[in-house]
Structure formats: C-alpha cells, structure tokens
Q: 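To start, I am sharing the structure in question, which I have written as structure tokens.
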Protein chains: 2
Amino acid sequence: MSLEIGPVNKASLSKQVADQLQEAILEGTLKADDRLPTEDDLAKRFQVSRPTIREALKRLAAKNLIRSRRGPAGGTFVNHLGKGELSEHLTTASTLFVSMNQISLTEVSSTRLEMESLCCQLACQNRTPSDLELMEAELEQQQNRNITSEEFCAADVRFHRAIADASHNRMLSFIMYTLIEALQPVANMIAYRFREREIITAQHKRLLASIKNQDSNLATAILKEQIEYLDQLHQEAQANHQQKESNKTVSAPNIFGR
Amino acid sequence: MSLEIGPVNKASLSKQVADQLQEAILEGTLKADDRLPTEDDLAKRFQVSRPTIREALKRLAAKNLIRSRRGPAGGTFVNHLGKGELSEHLTTASTLFVSMNQISLTEVSSTRLEMESLCCQLACQNRTPSDLELMEAELEQQQNRNITSEEFCAADVRFHRAIADASHNRMLSFIMYTLIEALQPVANMIAYRFREREIITAQHKRLLASIKNQDSNLATAILKEQIEYLDQLHQEAQANHQQKESNKTVSAPNIFGR
DNA sequence: AATTTATATTTGTAAGACAAATTAACATTT
DNA sequence: AAATGTTAATTTGTCTTACAAATATAAATT
C-alpha cells in the first residue's frame with residue numbers, strides 16, 4: 001500500500017531528456033560524429049512527443065553539443081568539441097559575465113596579462129620546434145601589408161593561441177583561448193592603422209625570439225609591454241567612441257517597446 | 001529590378017529568435033528579473049508559432065539566461081547571473097573538455113596550482129579585513145568534527161573561493177571558481193577520513209595566517225604543499241577504484257542499445 | 001553514360017487542443 | 001470579522017497532427 005511516489009520529478013520532461021542525452025555524450029556512450037536516432041525514434045524511446053524531444057535537442061544545440069541536418073542522410077550528430085568550439089562557448093559566458101557585472105575590459109586585460117605571462121614562462125620551458133614554426137608562420141602573415149585588418153586580427157589571435165599551446169598545459173591553454181577571444185573586440189577596435197600593426201608585429205617578433213632563446217624574463221617583459229600598449233590605445237579609442245555615442249540613433253526596432 | 005534577397009537567412013527561426021532575445025539581455029534592454037512577454041505574445045510579435053518560440057526559450061534556458069514558472073503570476077524571467085551561476089555553466093563546459101580530450105585531472109590540478117598561486121600573491125597584496133573574516137569563518141566550520149564530508153567539502157570550496165575573491169580581480173576569481181568546481185570530484189573522493197581532514201584544515205590555517213601577514217612566498221609554498229598532497233591521495237584512490245570498476249554492472253538501462 | 005527527375009527520409013515550422021500549476025478573487029463557514 | 005475552502009483565470013508544459021523544406025538515393029530519360 002506504500003505509494004512510493006517520493007519526491008516527484010519536478011524537472012520538465014524536455015529537461016530530463018536533455019540531461020539524459022548530455023549524460024550519454026559526456027560519459028562516452030555517444031561519441032563524436034555519432035548520429036542520434038531520428039526525432040520520431042527518440043520520441044518513441046523516451047515515450048514523449050516530438051516537440052518535447054525537439055526542445056531537449058535545442059537545449060543541447062545551445063551548448064554546441066550537437067548539430068542537425070535535414071534530409072535522408074541528415075539527422076542529429078554529436079559535435080566533436082575541440083578547444084576552439086568549447087572556448088567559443090566559454091567566451092559567450094565570460095562576455096555575459098563582463099557585461100552583467102560591469103567589469104571593465106581593462107580588468108580582463110590585467111587578468112590576461114598575468115595568465116599569459118604564466119603561459120610564456122611555461123612556453124619557454126616546453127616549446128617544441130613545431131610550436132616555433134607555427135608562430136613564425138603567423139608572424140609572416142602579419143608582416144604582409146596587404147591583408148585586411150580582420151585578417152590581421154585573426155593572425156594575432158592565432159599567434160597568441162600558439163603561445164598558449166606552447167605551454168603544453170592543455171587546461172591552461174583552454175582558458176587562455178577564452179581570454180584571448182574575450183578581448184578581441186578591443187583588438188578589432190585598434191588594429192586598423194599600419195603604424196600600430198607594425199608596432200605589434202615588431203613586439204611579436206621579439207617575443208618569439210625570446211621564447212626561442214628560452215629567456216622567460218624577457219618574454220614576459222615584452223608581453224607586458226604589448227598589453228599595456230593595447231590598453232592605452234583602447235582607452236584613447238574609448239574616449240573617441242564616447243562622443244560618437246551621444247548622438248547615435250536607435251538602429252534596430254525594439255521588439256519590447258509598448 | 002534588383003531582388004536584394006542577398007544571402008538568405010540560413011539560421012533556423014528558433015535560433016534567430018534566441019539570438020535576438022540574448023542580444024536584448026546582453027545589451028541591457030532586458031534586465032535581471034524582468035519578465036518577458038508571454039509565449040503567445042512573443043509568437044505574435046516575432047510572427048512565428050509558439051513551438052518555435054519555445055525552442056528559442058529552451059536554448060536560453062540551457063544557458064541559464066532565463067527561468068520559467070507557470071501560473072498567472074508566472075512567465076519567463078531574466079536570470080541574474082552572478083559568479084556562481086555562470087561558473088557553474090562554465091564548469092560543465094570544462095568538464096566536457098576534460099572528458100573529451102582525455103586530460104587527466106592531474107593536468108587540471110597543475111593548472112589550478114599555477115593560477116591559485118597567482119591568486120595568493122594578489123590576495124596577499126589586496127586582501128581586506130572582511131576577506132580575512134570570511135576565510136576565518138570557513139576555517140572554523142572545517143574544524144568542527146561533527147560535519148559530514150559533504151559539508152566539509154562545501155566549506156573547502158568556499159574557503160578557496162574566498163582566496164580567489166581576496167585577489168580582488170573579478171575575472172581571475174571567476175576563472176578560479178570554475179577550476180575549483182572542476183576539481184570537486186577529486187576532493188569528494190578523498191575527504192572522508194578525519195586524519196586527512198585535519199591535515200587539510202591545518203594547511204588552511206597556515207595559509208590564512210600567511211595571507212594575513214602578506215607573506216606571499218610562504219602562502220604559495222603552502223598551497224603547493226596542499227595541492228600536491230591532494231594529487232597524491234587522488235592517485236592512491238584512483239588505484240583502488242580501478243579494481244572496483246572491473247566487476248561493476250551497468251546500472252541504468254541504455255536508451256541507445258539495439 | 002550523364003543528366004535530370006522522382007521519391008523517400010528527416011528536420012523545421014505551424015496550429016490547435018488539453019493538462020498542470022499557480023495566483024487571485026470570491027464564497028462559505030466558524 | 002477572520003480564516004478557510006472553492007472557483008475561475010492565466011501561463012507554461014505537453015501532445016497530436018499536419019505540412020514545408022532540404023537533401024540523398026534511386027529511377028528514368030535523353
């Protein structure tokens with residue numbers, strides 16, 4: 001006669017389904033590039049309706065855990081999550097954190113300085129020839145005066161990522177990917193003039209040399225120089241931007257206006 | 001005669017809606033605890049069906065950006081995202097990263113050591129009296145022999161979070177929250193014996209004193225001692241666990257079996 | 001043989017209905 | 001009059017059914 005109802009499953013069905021699927025992915029039952037059953041199939045297996053399954057899948061899609069394609073050979077597949085994809089995901093979270101807690105980019109920048117210094121020290125110890133080659137390649141890209149500023153910024157990101165990777169501490173470089181990405185808006189704002197590009201490229205050149213020579217003190221000093229330089233440019237740019245902001249008009253129609 | 005269709009919006013409707021809503025939250029149009037329009041209302045405003053709106057909302061719910069309640073005073077509300085909620089979100093991502101890239105917890109642990117050392121240095125410089133009080137309070141909790149091991153672990157987490165916060169670099173402490181959380185499984189595994197608890201508590205006591213005295217060299221040394229001690233315990237525990245693992249049976253029915 | 005055309009499969013979107021939860025107002029009883 | 005129970009309204013949660021759009025495979029046609 002004991003009912004054994006216990007604590008009722010309060011979570012919504014779609015959440016329960018999403019959690020089970022995520023668990024399966026995390027645990028390795030579903031590996032990268034595996035194809036999930038079709039939505040109809042999942043609905044039958046979980047004994048819920050297809051919209052419920054879809055809501056669950058959207059939850060996972062928001063986390064970049066799965067991708068979907070239509071058609072006969074389509075379906076839903078498990079994503080292979082490398083540092084890139086996951087840190088992209090992390091970046092949106094830290095962007096949120098920055099915007100909602102009103103942390104200045106300067107504060108983020110100081111964190112980056114500390115952590116990237118750490119990377120540099122480790123990189124000086126652990127860098128391999130192939131690490132150095134990668135950094136050389138990006139450096140050459142940056143020396144080309146014909147690339148757009150977007151391309152320059154992308155090469156800049158890859159250069160700093162290469163430093164992080166050269167630390168050969170995967171967790172650390174994972175976190176660094178996020179910080180580098182989080183500060184891209186700053187880099188985009190300021191890397192449009194040739195003179196600044198040249199300064200940055202020259203710094204990279206010296207930085208690479210010092211890592212090559214395993215001179216970690218010099219490396220961290222150059223890094224500090226660069227980040228402080230960027231901060232300074234950023235503050236100037238922000239001052240200009242403030243003025244433009246004052247007489248700007250609303251561009252997109254507001255969905256939530258009355 | 002120019003059609004101007006341009007690149008067709010290839011993203012699904014639910015994704016577009018989700019992106020617009022997220023943008024509104026990020027930008028500040030929708031503030032914390034604001035209530036969104038009802039789903040029917042949103043469907044009308046965005047000119048899509050309610051299931052589409054719901055899929056969009058689930059995407060945001062997966063990111064912990066919103067919460068929903070049923071009923072007349074219910075609806076969908078914007079979450080206030082503090083360090084806690086966001087780092088919880090980050091933790092699942094880094095857990096994924098750890099599990100999918102086969103990074104050993106030892107490697108994560110070494111990253112934590114480096115970063116927490118940095119926190120300690122900054123904490124020695126910047127700690128305020130209220131920071132120290134917080135750490136004292138957690139330390140007293142840990143000295144109580146009557147608490148469960150879960151409570152002990154929780155107090156341990158709060159102690160280390162307090163160190164991170166004492167650095168007064170919010171971005172750094174944000175990242176540290178994630179790392180501390182990511183290593184909780186290890187802590188849970190080993191903090192069940194009184195003897196180990198006492199050793200850890202004693203280390204915390206010395207750590208707190210050195211931060212109080214602003215002796216950053218001593219602080220980082222003690223921290224290193226603790227983390228290496230934990231690593232050692234973890235390796236022993238893992239060796240034991242390997243044996244148990246071999247004769248374990250599948251607990252949950254596999255949804256994806258044939 | 002190459003190209004085009006059907007066709008089947010699968011996700012994406014829509015509409016309508018009902019269930020469940022929860023609040024607010026109202027009625028009832030003490 | 002106050003406490004309590006009841007009802008009604010509102011909102012999210014879920015289900016059902018249907019159709020649209022994309023796309024790979026197989027068939028048909030040139």
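Just the heavy atoms: all of them, side chains too, but no hydrogens, waters or symmetry mates, feed the values below.
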Q: Please confirm whether the backbone N or O of B:T128 pairs with a side-chain atom of B:D131, one donor and one acceptor, at under 3.5 Å?
A: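 Such a contact is found between B:D131 side chain and B:T128 backbone.
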Q: Measure the spacing between CD of A:E151 and CG of A:N146 and express it to the nearest 0.5 Å.
A: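 Rounded to the nearest 0.5 Å, the CD-CG separation comes to 10.0 Å.
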Q: In whole angstrom, what separates A:F46's CZ from D:dT14's C1'?
A: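 Distance, rounded to whole Å: 16 Å.
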Q: Whole angstroms only, please: what is the CD1-P distance between B:I66 and D:dT11?
A: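 Whole-Å distance recorded here is 16 Å.
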Q: Name the residue closer to the 5' end of DNA chain C, choosing between B:R50 and B:A73 according to the nucleotide with the nearest heavy atom.
A: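 Residue closer to the 5' terminus by nearest nucleotide: B:R50.
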Q: Inspect the contact between A:R45 and A:D41 and indicate whether a charged nitrogen and a carboxylate oxygen are less than 4.0 angstrom apart.
A: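 Looking at A:R45 together with A:D41, the answer is yes, because their closest N to O distance falls below 4.0 Å.
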Q: Looking at A:T52, I'd like to know whether one of its side-chain N or O atoms comes within less than 4.0 Å of OP1 or OP2 on D:dC15.
A: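 So the side chain of A:T52 is within the cut-off, an N or O lying under 4.0 Å from OP1 or OP2 of D:dC15.
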Q: Which whole-number value in Å describes the distance from A:E39 CD to C:dT10 P?
A: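 Between P of C:dT10 and CD of A:E39: 11 Å.
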Q: Between A:P72 and A:P51, name the one whose nearest nucleotide on DNA chain C is closer to the 5' end.
A: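 In this pair, the answer is A:P72.
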Q: When you measure from the side chain of A:R161 to the backbone N and O of A:D165, does any donor-acceptor pair fall under 3.5 Å?
A: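 Checked: no pair found.
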Q: Quick one: on DNA chain D, does A:G74 or A:K15 contact a more 5' nucleotide (nearest heavy atom)?
A: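 Checking each residue's closest nucleotide, the 5'-ward one belongs to A:K15.
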Q: Tell me: CZ of B:R70 to C1' of D:dT10, nearest whole Å?
A: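 Interatomic distance, CZ of B:R70 to C1' of D:dT10: 13 Å.
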Q: Measure the CZ-CG distance between B:F77 and B:D33 for me, rounded to the nearest 0.5 Å.
A: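 Between atom CZ of B:F77 and atom CG of B:D33 there are 8.5 Å.
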Q: Would you kindly give the CZ-to-C1' distance between B:R69 and D:dT11, to the nearest whole Å?
A: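 Distance check: B:R69 CZ to D:dT11 C1' gives 11 Å.
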Q: Roughly, in whole Å, what's the span from CD in B:Q47 to C1' in C:dA15?
A: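 From B:Q47 CD to C:dA15 C1': 15 Å.
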Q: Do any N or O atoms from the side chain of B:T111 and from the backbone of B:E107 form a donor-acceptor pair under 3.5 angstrom?
A: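 A pair under 3.5 Å: yes.
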Q: What is the distance, rounded to the nearest whole Å, between atom CZ of A:R67 and atom P of C:dT10?
A: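 Distance, rounded to whole Å: 17 Å.
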Q: Would you mind reading off the distance between B:K44 atom NZ and C:dA14 atom P, rounded to a whole angstrom?
A: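 Value for this atom pair: 15 Å.
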Q: Answer yes or no: does a side-chain N or O of A:R35 lie under 4.0 Å from OP1 or OP2 of C:dT10?
A: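 Yes, within the criterion.
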Q: For DNA chain C, what residues of residues 53-60 of chain A have any heavy atom nearer than 4.0 Å?
A: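 When residues 53-60 of chain A is checked for heavy atoms under 4.0 Å from DNA chain C, the hits, listed by number, are A:R54, A:K58.
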Q: Between A:R170 (side chain) and A:F174 (backbone), is there a donor-acceptor pair under 3.5 Å?
A: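 Side chain of A:R170 to backbone of A:F174, a donor-acceptor pair under 3.5 Å: no, none is there.
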